[in-house]
Amino acid sequence: MLSPEATATVRATLPVIGAAIDDIAARFYDTMFADNPELLRNLFNRGNQANGEQRAALAGSIAAYASSLVNGAGVPHAMLARIANKHASLGVTSDQYTVVQRYLFGAIAHVLGDAATPDVVRAWDEVYWLMAGTLIAMEAVMYSESEQGWLPATVVDRRQEAPDTVSFTLRPPSPGAFRPGQYISVAVPLADGARQIRQYSLSSAPGRDHWRITVKRVSGGGPDGEVSSMLHASVRPGDVLSVSAPFGDLVLPPGDGPLLLASAGIGVTPILSMLGHLAATGSTRRVVVVHADRAPAHHAHREELHDLVAALPGATLHRWYEDTDGCSCACAEPALGERVEAAVPAAGGSTGRASAQVVPVRVGRADLSEIELPEGLTACLCGPVPFMREARAQLIARGVPASDIHYEVFGPDLWLGRD
């Protein structure tokens, strides 16, 4: 923990650092990339740098960590777990923390000027190395428990799941076990010689001889969409992608307690993996599934989600679409409270039948205040940050403890300090 001297200094200077943290983050990245351009080309996400999201995430993580230390909230383990998993999926090494420290504190001295006294620098250096040391230790454990390095994964199938979404079935050399909800990194060489890395959730259940990722094309023509656009345009069965081992801390909660699995848009992908595992293992857990999307036609894996829920006797499916005009699928849904059946592959490969409740689709934004929720549930959220913020607020208003609400963010975590 922080020394008493550092605690006092950090508490006193936290408002000053907090007010300047965005400028510090900008200066840090600008100087580091100027001296080490290969980091931007081959490790950091150029899209997140261009739109400022990575800088905001760095600023938020430092401020949230320091605030937790000096305000007696303890170490923010959930935040650190998300960062460590992301770092491990990128192959971040312990020596790179020294590089970051050098440029970060150069930025602090530049932005704060005379206010960056030796005492202030020492105190914040203590904060940095406490955070870095914890992350290094967490990442070392992850590396020891997983296959290290980049793995060649052959594309064995490609399917159009929605107008802007494609799934790729991959066969890595040895598809090791993963926890439902985890993701892999995909490293893609681009036309300008850069190698850019993106994370994609495994959208199939574990225990198979393949992995599946589902990629939504990011439009706009900027660097934030350069990898998804290349995958959509160029990758076909027979191609080989360079991928990491699975990582990620938003995983299916263990046990037999009730669950809320809520997603929006492409955030459905880790939820599919969780539901697939529950169905394959014959789970009877009470599961409330919520999904929100633009329209049924844009809902990737729409039929698969329906069938997986239908395979779980204790499951209920709620869907909201912003627009259902011209779509006949909404008219064909079962009446409220009607049970539906679906064939489901049970553990061992046999096929059985199960039933679940599928509620007719609603038009508009998802509203968790409208639906019946079991007591003592654990919630997993995945989707755009505004969707998760609203869902989390509604759950807390209904008495769900914040510690029982978990989430996954695609891209930099812009929701730091809210656990």
Side-chain angles (χ1 to χ4, degrees), residues 1-32 35 52-88 92-141 249 385 389 392 396 401-403 405-407 409 412-419:
M1 301 302 293
L2 275 180
S3 65
E5 297 80 10
T7 299
T9 301
V10 170
R11 182 179 290 114
T13 57
L14 190 56
V16 176
I17 295 290
I21 198 68
D22 290 334
D23 292 336
I24 292 171
R27 172 75 180 184
F28 157 69
Y29 280 116
D30 288 344
T31 54
M32 184 173 68
D35 292 346
E53 289 186 353
Q54 186 61 58
R55 300 180 182 202
L58 173 70
S61 66
I62 295 172
Y65 185 80
S67 179
S68 294
L69 290 183
V70 301
N71 293 326
V75 175
H77 293 287
M79 180 190 81
L80 295 178
R82 282 190 293 275
I83 297 173
N85 274 277
K86 181 65 70 64
H87 285 180
V92 169
T93 59
S94 58
D95 60 296
Q96 289 172 329
Y97 283 91
T98 301
V99 176
V100 168
Q101 188 273 350
R102 182 168 69 252
Y103 287 97
L104 179 60
F105 278 80
I108 290 174
H110 177 84
V111 173
L112 295 187
D114 293 342
T117 65
D119 286 344
V120 169
V121 171
R122 278 194 298 270
W124 281 92
D125 189 59
E126 195 172 325
V127 171
Y128 175 82
W129 283 114
L130 277 174
M131 184 174 176
T134 302
L135 290 171
I136 290 169
M138 294 171 71
E139 291 155 23
V141 172
D249 65 317
V385 170
R389 281 179 176 159
R392 183 176 186 270
I396 290 175
S403 59
I405 305 173
H406 311 286
Y407 69 90
V409 175
D413 191 344
L414 302 181
W415 196 11
L416 295 163
R418 295 175 177 266
D419 299 315

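Computed over heavy atoms, backbone and side chain alike; hydrogens, waters and symmetry mates excluded.
- The heavy-atom pair separating Thr13 from Trp124 by the smallest distance is OG1-NE1, 2.9 Å.
- Between Leu14 and Ala66 the shortest heavy-atom distance is CD1-CB, 4.1 Å.
- Annotation: side chain of Val409 is not in contact with side chain of Arg82 (no heavy-atom distance under 4.5 Å).
- Asp125 and Gln101 make their closest contact through OD1-NE2, 2.8 Å (heavy atoms, listed as atom of the first residue, atom of the second, distance).
- Of all heavy-atom pairs spanning Asp249 and Ala81, the tightest one is OD2-CB, 3.8 Å.
- Residues satisfying the side-chain hydrogen bond (donor to acceptor under 3.5 Å, both in side chains) test with Ser94, not counting sequence neighbours, are none.
- In this structure, OG1 in Thr7 is found 4.5 Å from CG in Leu2, a value given to the nearest 0.5 Å.
- For Gln96 (side chain) and Thr93 (main-chain N/O), a donor-acceptor pair under 3.5 Å exists by modelled atom type.
- The OG atom of Ser403 lies 13.0 Å from the NE2 atom of His77; values are rounded to the nearest 0.5 Å.
- In terms of the side-chain hydrogen bond (donor to acceptor under 3.5 Å, both in side chains) criterion, Ser68 has no residue partners (sequence neighbours excluded).
- Counting only residues at least two apart or in different chains, side-chain hydrogen bond (donor to acceptor under 3.5 Å, both in side chains) contacts with residues 14-28 are absent.
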Compile the donor-acceptor pairs under 3.5 Å between side chains in residues 112-122 and protein atoms, sequence neighbours left out, one pair per line.
from	atom 1	to	atom 2	distance (Å)
Thr117	OG1	Val120	N	3.3
Asp119	OD1	Arg122	NH2	2.2

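- Between Ile136 atom CD1 and His87 atom NE2 the span is 10.5 Å, to the nearest 0.5 Å.
- To the nearest 0.5 Å, the span separating CD1 on Ile21 from CD1 on Ile62 amounts to 4.5 Å.
- Residues passing the side-chain hydrogen bond (donor to acceptor under 3.5 Å, both in side chains) test with Tyr65: none are found, sequence neighbours excluded.
- For Ala132, the side chain to side chain contact (heavy atoms under 4.5 Å, CB included) criterion is met by Tyr97, Tyr128, Trp129, not counting sequence neighbours.
- Shown here for Met79 and Ala64, the closest heavy-atom pair between the two residues is SD-CB, 3.9 Å.
- In this structure, the side chain of Glu126 engages the main chain of Ser3 through a donor-acceptor pair within 3.5 Å.
- Contact of the Ile405 side chain with the Ile396 side chain is registered, since non-hydrogen atoms from C-beta on lie closer than 4.5 Å.
- Using a 4.5 Å heavy-atom cutoff, the side chains of Met131 and Ile83 are in contact.
- Taking the salt bridge (charged side-chain N to carboxylate O under 4.0 Å, His left out) definition, one finds that Asp30 meets it with Arg55, sequence neighbours left out.
- For Ala123, the side chain to side chain contact (heavy atoms under 4.5 Å, CB included) test picks out Ala6, Thr9, Val10, with sequence neighbours left out.
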Show me the donor-acceptor pairs, under 3.5 Å and distance only, between side chains in residues 103-110 and residues at least two apart or in other chains.
from	atom 1	to	atom 2	distance (Å)
Tyr103	OH	Asp35	OD2	2.9
Tyr103	OH	Asn36	ND2	3.2

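- Considering only heavy atoms from C-beta on, Tyr407 stays 4.5 Å or farther from Arg392 through its side chain.
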